[in-house]
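Only one structure is covered here, and it is reproduced in the block below.
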Amino acid sequence: MSSKKNSNRLINLGFNNVVVKDKIIAVVTPEAAPTKRLKDEAKKNNKLVDATSGRRTRAVIVTESDHVILASVQPETIAQRF
């Protein structure tokens, strides 16, 4: 596979963090109560990935494998990178 093909499959979350775009189910804002419960459940099940590098969480990404990824970029920005 060429590197161009590989780069099309990854979404940059900033701070040298990437996620495979084919595995993303949803990108949501972290303020809603259901999203907070989702984050707490993922943490309890060791499926929470913090990709914020110490910054404020602005997007929560849900993957096919039930992993929850915290990102410091806006959901709109992630959507544009698709």
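Quick caveat: nothing in here was measured; it's all calculated off a predicted structure. Because only heavy atoms are used, hydrogens play no part in the values below, and waters and symmetry mates are left out as well, while side chains stay in.
- Across all non-hydrogen atoms, the minimal contact from L70 to K39 is CD2-CD, 3.8 Å.
- Note on V20: it clusters hydrophobically with V18, by side-chain heavy-atom contacts below 4.5 Å among ILVMFWY residues.
- Within a 6.0 Å sphere centred on CG of D22, other residues, nucleotides and ligands contribute more than 12 heavy atoms.
- Residue K21 places its NZ atom among more than 12 non-hydrogen atoms of other residues, nucleotides or ligands, all under 6.0 Å distant.
- Remark: I69 CD1 to T52 OG1 distance equals 12.0 Å, nearest 0.5 Å.
- In terms of hydrophobic clustering, with Ile, Leu, Val, Met, Phe, Trp and Tyr side chains grouped at heavy-atom distances under 4.5 Å, V28 and L13 are assigned to different clusters.
- The minimum heavy-atom distance between K36 and E31, with the atom names listed, is CE-O, 3.4 Å.
- The CD1 atom of I25 sits 6.5 Å away from the OG1 atom of T63 when rounded to the nearest 0.5 Å.
- Both V49 and I11 sit in one connected hydrophobic cluster of ILVMFWY residues. Membership requires side-chain heavy atoms under 4.5 Å apart, directly or through other members.
- Between N17 and S53 there is a side-chain heavy-atom pair separated by less than 4.5 Å.
- The two atoms that bring P30 and T57 nearest to each other are CG-O, 3.4 Å, heavy atoms only.
- Rounded to the nearest 0.5 angstrom, N45 CG and H67 NE2 are separated by 10.0 Å.
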Sequence neighbours excluded and cut-off under 3.5 Å, please list the side-chain donor-acceptor pairs for residues 72-82, or say none.
from	atom 1	to	atom 2	distance (Å)
R81	NH1	N12	O	2.4

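- When side chains are defined from C-beta on, I61 does not count as touching V68, because their heavy atoms never get closer than 4.5 Å.
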